[in-house]
2 protein chains.
Amino acid sequence: MRFEAITIKDIATALGLSTSTVSRALRDSHEISVETKKIVREYAEEHNYRPNPIALSLKEKRSRSIGVVVCEIANSFFSQIINGIESIAYDRGYNVIISQSHESYKREVLDLSYLASRSIDGLLISVAMETTNFDHLKSLHDKGLPIVFFDRVVDDIDTHKVIIDNSTGAYNATVHLMKNGFKRIAIVSISEHSFIAQGRLNGYKKALQDNNIPEDEKLIRYCEHGGQNYEELEQVMDSLFSQKKKPDAVFAGSDTMTMGILRYFKSKKMKVPDDIALVGFSNSENADLLQPALTVIKQPAFEMGKKATELLLKMIEAKRQDKTFENYVLPAELVIRESSEKK
Amino acid sequence: MRFEAITIKDIATALGLSTSTVSRALRDSHEISVETKKIVREYAEEHNYRPNPIALSLKEKRSRSIGVVVCEIANSFFSQIINGIESIAYDRGYNVIISQSHESYKREVLDLSYLASRSIDGLLISVAMETTNFDHLKSLHDKGLPIVFFDRVVDDIDTHKVIIDNSTGAYNATVHLMKNGFKRIAIVSISEHSFIAQGRLNGYKKALQDNNIPEDEKLIRYCEHGGQNYEELEQVMDSLFSQKKKPDAVFAGSDTMTMGILRYFKSKKMKVPDDIALVGFSNSENADLLQPALTVIKQPAFEMGKKATELLLKMIEAKRQDKTFENYVLPAELVIRESSEKK
DNA sequence: TTTTTTTACGCAATCGTTATCGGGTTGCAG
DNA sequence: CTGCAACCCGATAACGATTGCGTAAAAAAA
């Protein structure tokens, strides 16, 4: 606060001491007498002195702020993650600067240069779906900026990563559908290049294999933009359901897509689960209130944010940099509801 | 970035100039020769020089960051607002520091002292539902901190405010229910003390009056904690529906409560809208996918965030403080769906 | 030619804080 | 009585950037 903020200098002149003495007294240095400390502290307390964080940052060459890049704040999965990030950062006295990439590579590069110019101490990022070139991240990493990836990670940058066990999540969901009698299970996935899509696809395929159901490429579809625009999703769905042998269940690869697909079914008057079953990744708080109540794979978003932040702060505050990095994998939970029940 | 960040001093020594010359060259001062400017600029460009924002903050006595206090990030209404805030702040080069009050007065006070200690240039706040004493805000306001209230405002602090037209929103929703033939319309509102609850209640009452329906106090209920915990809501609903003359429609006063009430009805096997109609405030993106598709009053959250931020930045960047403040009122939109249709 | 003005740059202070160095006073052992 | 810690504290220099002031040299005016 610039508003008549009291500084160490003010205390010094008021008490007839030097700034260094005041500074030391407040930091409880042994080379200041007990009485002086007491006087200084009381005065500081009384006048509600707070060290100027900006001056400290300048001196310590650290901003005590961390940058966060997500695609969208207004997406329950990411807002829950941010919640987790905040909860740790707040406790440890760090600022959180949030930027959104809106899944755009260009915007992500811009965000990063902005964050770098704000001199962040570390970075938490879930890369945009569009991003296939990681030079902007590599260059920051090479310069020594502590980075922790979460959810959408970059394989060939060596640092901490916090991910969901996408494979097992997808596996469980697929097995669940098969157990409920569905035979032709389609998967609508986000961009094929993405790390996450790979994991989810692998789980899906493994589930088919383990149950001796042959893969059918016609049942595997991708949305390059992750269903951010409904039109893309609609096209993909149209092509999926214009086939002769239609799927009897759909497994949706992201929150936005799960909702989009449900919306698609409604618009086509397809009854879920009677005409078609649906299971999808989703962190919506209200999946139980949907029509039908949706079977979802729920991700521990809050924990993810917490864990990623803890790892980042550990890196930032480490005396010397550690060369061993964690690859923290969180389980995804299958919540079974109506949308996957055969009638 | 502390990572080998290039400073003005580095440029100066590299080019055999003084820091002042470099600084002025970069700021395009007229007292630097064209050639020198060119040399400096090229060198700066080449080495990707960025002025250290922390040093600037210290000098200019402003942090270029604004504080935001909301009750919950992971609530679509507020995350949409934050989205709006970010969109403006980002463009104007401001940081956004977000804190959550979780509707707790204590936490709100803590948040504010934290933000103040982070030396924010201005504050955007939607006060917690618990908060009835505003001294913490008044004291900051008196010290000269620019504040803009949004959504939940404080009447007796004189500054910019951005609110939703709660009264008209509630009025339209109530009239809509009456037009659809509902007679006993209950309102379940957030804390009675709140500014918002008052507006919504007034709209509700006015709608009844205008249609010559007598008010019935038994149909007006409050949740002190705004339905943050389901138990509170359940109790209120139980008492509402244990009456002899039961309501045939419910008007819910907040996003959380709207979802909670729908959940309540489902748990009690009450069919919406056949047994009971429901209309509520909600900014959920998926209200159309609910069972039943929900008639909601949707608030222009994104715009609200934008407008509040614009006003705040205007205050912050004003040479002299203006004494006339805007009370910006945004319209709420009634989106009609199944949950309010009589069959 | 001399004086004045302009040009183009450097010096040093400043923002708030801490670290380094140094200095004066006291107590105590040699 | 001297020397040397121990104790308490002050002056100063950073951190990176801006800015008022000073000034040498060049240009213009006298």
Side-chain angles (χ1 to χ4, degrees), chain A residues 1-41 43-44 47-65 93 116-121 319, chain B residues 1-41 43-45 47-65 93 116-121:
Chain A
M1 301 198 300
R2 64 171 182 283
F3 329 99
E4 62 179 71
I6 182 172
T7 73
I8 246 184
K9 201 185 280 180
D10 297 330
I11 302 182
T13 49
L15 299 180
L17 293 168
S18 78
T19 59
S20 13
T21 306
V22 175
S23 171
R24 273 187 281 243
L26 291 171
R27 317 197 98 242
D28 202 20
S29 161
H30 63 277
E31 36 182 346
I32 301 293
S33 71
V34 186
E35 309 151 57
T36 312
K37 277 187 200 168
K38 196 179 165 218
I39 297 172
V40 172
R41 278 204 200 127
Y43 189 92
H47 291 73
N48 199 27
Y49 167 79
R50 298 263 172 270
N52 182 324
I54 296 175
L56 280 177
S57 291
L58 183 59
K59 192 116 206 11
E60 294 176 4
K61 300 211 178 202
R62 54 195 302 221
S63 59
R64 282 204 163 267
S65 64
S117 82
R118 296 298 305 198
S119 66
I120 51 171
D121 292 343
K319 303 272 180 285
Chain B
M1 299 197 303
R2 63 170 181 282
F3 330 99
E4 60 180 73
I6 182 172
T7 73
I8 248 185
K9 200 186 281 181
D10 297 330
I11 303 182
T13 51
L15 299 179
L17 292 169
S18 78
T19 58
S20 21
T21 306
V22 175
S23 171
R24 274 187 272 248
L26 291 171
R27 318 199 96 241
D28 202 19
S29 161
H30 62 277
E31 36 180 342
I32 302 294
S33 72
V34 186
E35 309 150 56
T36 312
K37 277 185 197 168
K38 196 176 164 220
I39 297 172
V40 171
R41 279 206 198 125
Y43 190 92
E45 183 89 12
H47 291 73
N48 199 28
Y49 167 79
R50 299 260 172 272
N52 183 326
I54 296 174
L56 281 177
S57 291
L58 184 59
K59 188 116 200 26
E60 294 175 6
K61 300 211 177 203
R62 55 197 303 223
S63 57
R64 283 203 161 264
S65 64
S117 84
R118 295 297 307 197
S119 64
I120 50 172
D121 292 343

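In the text below, chain A, chain B and the rest are named by the order of the sequence lines, each starting its count at 1.
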Q: Output the single nucleotide from C:dA8, D:dC8, D:dT18 whose closest atom is nearest the side chain of A:Ser33.
A: D:dC8
Q: Would you mind telling me which residue lines up with the more 5' stretch of DNA chain C, B:Val22 or B:Lys59, judged by nearest nucleotide?
A: B:Val22
Q: For A:Arg41, what residues pass the salt bridge (Lys or Arg N to Asp or Glu O under 4.0 Å) criterion, not counting sequence neighbours?
A: A:Asp28
Q: Could you measure the distance from the CZ atom of B:Arg24 to the NE2 atom of B:His30? Nearest 0.5 Å is fine.
A: 9.5 Å
Q: Choose from D:dA17, D:dA11, C:dC15 the nucleotide whose nearest atom is closest to any side-chain atom of B:Asn52.
A: D:dA17
Q: Excluding sequence neighbours, so at least two apart, what forms side chain to side chain contact (heavy atoms under 4.5 Å, CB included) with B:Leu56?
A: B:Pro51, B:Glu60
Q: Could you work out which one of D:dC8, D:dT18, D:dA11 sits closest to the side chain of B:Ile8?
A: D:dT18
Q: Does a nitrogen or oxygen in the side chain of A:Ser20 sit under 4.0 Å from OP1 or OP2 of D:dA11?
A: no
Q: Residues two or more places apart in sequence or in another chain: which of them pass side chain to side chain contact (heavy atoms under 4.5 Å, CB included) with A:Ser57?
A: B:Ile54
Q: Who are the side chain to side chain contact (heavy atoms under 4.5 Å, CB included) partners of A:Thr13, not counting sequence neighbours?
A: none
Q: Would you indicate which nucleotide in C:dA12, C:dT17, D:dA17 comes nearest to any side-chain atom of A:Thr7?
A: C:dT17
Q: So, does the side chain of B:Ser57 form a donor-acceptor pair with the base of C:dC15 at under 3.5 Å?
A: no
Q: In chain order, what residues pass the side chain to side chain contact (heavy atoms under 4.5 Å, CB included) check against B:Ser23, with sequence neighbours excluded?
A: B:Ile8, B:Arg27
Q: Does a side-chain N or O of A:Lys61 approach OP1 or OP2 of D:dG16 to a distance below 4.0 Å, or not?
A: yes
Q: Have a look at B:Leu56 and say if it touches a base, only the backbone sugar-phosphate, or nothing, with a 4.0 Å heavy-atom cut-off.
A: sugar-phosphate
Q: State whether A:Lys37 places a side-chain N or O below 4.0 Å from either non-bridging phosphate oxygen (OP1 or OP2) of D:dC8.
A: no
Q: Using whole Å, report how far CD1 of A:Ile11 lies from P of C:dT17.
A: 8 Å
Q: Pull out every residue in residues 25-32 of chain A that has a heavy atom closer than 4.0 Å to any atom of DNA chain D, ordered by number, or say none.
A: A:His30, A:Glu31, A:Ile32
Q: What's the closest nucleotide to the side chain of B:Ala55 if the choices are D:dT18, D:dC9, D:dG16?
A: D:dG16
Q: Is there a side-chain contact between B:Ser23 and the phosphate of D:dA17, meaning an N or O under 4.0 Å from OP1 or OP2?
A: no
